[in-house]
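Reviewing the structure listed below.
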There are 2 protein chains.
Amino acid sequence: MGITKTQHFTEEQNELAVLAKALGHPARIAIIEHLIKVDSCICGDLVNELPLAQPTVSQHLKELKNAGLIKGNFEGASICYCLNEEGFEKIKSFITLINTYLENRKDQCC
Amino acid sequence: MGITKTQHFTEEQNELAVLAKALGHPARIAIIEHLIKVDSCICGDLVNELPLAQPTVSQHLKELKNAGLIKGNFEGASICYCLNEEGFEKIKSFITLINTYLENRKDQCC
DNA sequence: TATTTATATTGCAATATTACGATTAATTAG
DNA sequence: CTAATTAATCGTAATATTGCAATATAAATA
């Protein structure tokens, strides 16, 4: 029906999915990569950096912020964005779990 | 216009986005978690495990496979699925990059 | 060969996402 | 206060995703 059955999955599963989904667009990957390069920047910088219009960039920023992957601070007329460590911690834990499993995996069917 | 401007982003950015997007659904997180628990399983096992119908599970498996996060091997009448290390390597590299950055970050605006 | 078992595919309805022009809101500069 | 700057929101079109019933495919078994 086009609507995710969120209520049937665990909170942790839904949380991870939200975080991964937020990273599931090249523009948002590009935003994260840019923030790594410059520590922090304002929306206008990203509009210059990306091949997208200002409302579109603003929307992507909103999604990253809602997911908990970036933070925004008012700085005069503009808003200063930077990475939010908390969100990435959760992804890191999951990837570490998978990595540990893969390193110790014996029984590989494929 | 509802269509991602893939061609304006780097191949690496698009690749990462595809991988993250594939993880961006709780059912697919649940599938990955189940595979970690049991090493390998067939579609029918997941149909019993998840609150979703067989065609829906099959579709989620297809997406994970297309993204390169799982592999499927014919095993008689059924297909044996397990994690694909290659796909997770790429995500791990990205998360490690971010993690290294966050650990050394001095200038935090937020 | 016919039947059962396991999974993929098709088709479709409901909903979500992507993108942007136009507009609004909020702050700064003059 | 007014104009300029910056970014969010609204409205909307195009497209993608989610989910499942029905069906098709493919292998194992009787």
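The chains referred to below are lettered A, B, ... by the order of the sequence lines, with proteins before strands, and numbering in each begins at 1. In this text the structure is predicted, and so the values were computed from the model without any measurement.
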Worksheet, complete the sentence: Between CG of Asn48(A) and P of dT5(D) the distance, given in whole Å, is 14 Å
Worksheet item: What is the distance from CD1 of Ile42(A) to C1' of dT5(D), rounded to the nearest Å?
Response: 10 Å
Worksheet entry | Euclidean distance, atom CG of residue Asn73(A) to atom C1' of dA7(D) [Å, nearest integer] | 15 Å
Fill in: For atom CD of Glu75(B) and atom C1' of dA8(C), their distance in whole Å
18 Å
Discussion item. Does any part of the side chain of Ile32(A), heavy atoms only, come nearer than 4.5 Å to the side chain of Phe94(B), both counted from C-beta?
Written reply: yes
Discussion item. Please confirm whether the shortest side-chain N or O distance from Lys21(A) to OP1 or OP2 of dT17(C) is below 4.0 Å.
Written reply: yes
Worksheet entry | Given DNA chain C, 5'-ward residue of the pair Arg28(A) and Phe74(A), judged by closest heavy atom | Arg28(A)
Fill in: Of the listed nucleotides dA19(C), dA7(D), dG19(D), the one nearest the side chain of Thr4(A)
dG19(D)
Discussion item. Expressed as a whole number of angstroms, how long is the span from Leu23(B):CG to dT17(D):C1'?
Written reply: 16 Å
Discussion item. Any heavy-atom pair between the side chains of Glu75(A) and Ile42(A) that's under 4.5 Å?
Written reply: no
Worksheet, complete the sentence: Closest non-hydrogen atoms of Leu64(B) and Ala22(B), given as atom of the first, atom of the second and distance, are CD2-O, 3.8 Å
Worksheet item: Are side-chain heavy atoms of Arg105(A) and Leu102(A) found at a separation under 4.5 Å?
Response: yes
Worksheet item: dT6(D) P sits how many Å from Tyr81(A) OH, rounded?
Response: 14 Å
Worksheet item: Residues from residues 49-65 of chain A sitting under 4.0 Å of DNA chain C, heavy atoms only?
Response: Leu52(A), Ala53(A), Pro55(A), Thr56(A), Gln59(A), His60(A), Glu63(A)
Worksheet item: Is the count of non-hydrogen atoms from other residues, nucleotides or ligands lying under 6.0 Å from Glu86(A) atom CD greater than 12?
Response: no
Worksheet item: Are Leu46(B) and His60(B) close enough that some pair of their side-chain heavy atoms sits under 4.5 Å apart?
Response: no
Practice prompt. Whole angstrom is fine here: how far is it from NZ in Lys5(A) over to C1' in dA16(C)?
Written response: 18 Å
Practice prompt. Using a 4.5 Å cut-off on heavy atoms from C-beta on, say whether the side chain of Leu83(A) contacts that of Ile70(A).
Written response: yes
Item to complete: Rounded off to whole Å, could you give me the NE2-to-P distance for the His25(A) and dA16(C) pair?
Response: 18 Å
